[in-house]
Amino acid sequence: MSALVVLLVGLAAVDEGQLTQKVPPVTGEVKLANRVEVFASAALSFRDTFYRKVAPALALTYHFTDHIALSARGAYYFDIEATSMQVCPALQGCRSPTADELNGRAPGQLLMSLGGALEWTPLYGKLGVLSEAFGRVGLTVMLGGQFVGYRGAGGAFRPAPAGEAGIALSLWLTRWLALRLEVKDLIYPEVVSVAEQDVTQLRNQLLAQLGFSFFIPFTGGSAAP
Amino acid sequence: MRTSSLTLLFATALCLVDSSALARPEAEPTDLAGPRSTPSPKANQPTEDGTASPAAPETYGPEGTALLADRVRSFQAKPIIKRGRFALTLLGAATINDGFHTKLGGSATLSFFVHDTFAIAVRGGLWRVVQDQDVQVARQNFQLGIAASQPQWVAMADVEWSPVYGKFRVGQGITHLDASVIVGMGTVIHRSPELAFEAGLGLRFIATEWLAVNLSWLNTFYLDKPLVTAPALLQNLMSLNLGLTLFIPFTSPERSKS
């Protein structure tokens, strides 16, 4: 009889082992639908010729669903003379151009941008680092329109319509906070002075933007990241 | 005998009670961090009249992640095992750091995975230089010199380490990926071969057991000695690369063993 009891207890132990497998896994996702995202960031331009841009930027996004959102965004650009070229005045050594030499004569002197974008988030996933640390990430595609202001020929401020296309990668740190990296192309027509004549050129301004996204309300999702 | 029967019944009942407790999907785990509430398993499930029941309130403490740590993690089998396999990667590339000259190119990489997350590789590629519109503006408006390097070929020996593994939901399916760090050294040939070093990051999206889509950012730097000026200039070929990876053999020997 004692052996039977031991057998039953053993069977129950096996059963416990199987049942343990039924504990829900750590999963779920951060829900975005009906939440507002505030994205505060700094943008840095790349592939510049005459000016490198550094810009504080802000975006306000409303998520209609977990996948579709609409954002309003703006940035103010500080232009720094790029070092990718050297001016070589006669009887002087070559050196980087000064701000006065470039102002009004070199294209790409972007000052501000203001507009909106439609955002689509088709990818949501988990990343594991060395099978120890896990993070939740989302990939977003953005397409939008903006108005930009730049300093054109003669140093005058000129507005222009612009198109914007890019992708964003969000890494959720908590349910309401994410680290977000955007890479995008701002495309706009620019009037450039070439040999004293105004010429309209299409300019591709590539930007990398890194910052934090805050989601309001702070709760959302079926599991903590 | 009667005592033994009672003992048996008691033991059986204990086992059943214990099992039923474990069978509850939301059995409270031992919680050392304080009280919390968890979502009910029946939340949002249709009721008998077909309507959804309201979701149970969920609260999480500031230590939410720690509270979840006592749950059992689930792991899915990797769809691909790379250890002991070769990979042939074909990439198209464009530079992203030179506004005056766009460099377009392509490369082929042959890798061998010593471990599932570690590979050694050799890579050969070519570059062609395309002049952009700002060169004309610069020449017309300024008296300037643009230091333009004209790389033609590149040959590198790389090592690749993939510490990040992940999966993405795409529509109704799941796509797996790994992210890797790439470092290497070799040569860039323009007028003459120059010693070059390389560092980069790669993403590999797994399509099938033998095919993946590869996206990588690579920075190859080398010293370019201009023809006229004495000092050599450090050149950066910072490029985005997109292409396909073919794993050989088509099925993993490791999986075949298991």
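For B:F100 and A:F50, the distance between ring centers is under 6.0 angstrom.
Remark: B:Q140 CD to A:R105 CZ distance equals 11.5 Å, nearest 0.5 Å.
Interface remark: of the candidates B:T117, B:T102, B:L177, B:T102 forms the most heavy-atom pairs closer than 4.5 Å to chain A. For the set A:G108, A:P97, A:G125, the entry with the most heavy-atom pairs within less than 4.5 Å of chain B is A:G125.
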Can you list the steps and then say if B:Y165 with A:V129 is a side chain to side chain contact (heavy atoms under 4.5 Å, CB included)?
CA-CA 6 Å; B:Y165 181 82; A:V129 181; over 6 Å; no

Mind running side chain to side chain contact (heavy atoms under 4.5 Å, CB included) on B:I96 and A:F46 for me, showing each step along the way?
CA-CA 7 Å; B:I96 56 170; A:F46 58 98; 4.1 Å; yes

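For chain B, no part of A:V199 is nearby; none of its heavy atoms comes within less than 4.5 Å. Proximity to chain B involves both the backbone and the side chain of A:A106, based on heavy atoms less than 4.5 angstrom apart. Contact annotation for A:V192: only side-chain heavy atoms (C-beta onward) come within less than 4.5 Å of a heavy atom of chain B. Only the backbone of B:T95 comes within contact range of chain A, judged by heavy atoms closer than 4.5 Å. For chain A, no part of B:D178 is nearby; none of its heavy atoms comes within less than 4.5 Å.
Here the side chain of B:Q133 pairs a donor or acceptor atom with the backbone of A:L202 at under 3.5 angstrom.
A salt bridge links B:D134 and A:R203; the closest N-O separation between the charged side-chain nitrogens and carboxylate oxygens is under 4.0 Å.
Applying the 6.0 Å contact sphere to CZ of B:F221 captures more than 12 heavy atoms from other residues, nucleotides or ligands.
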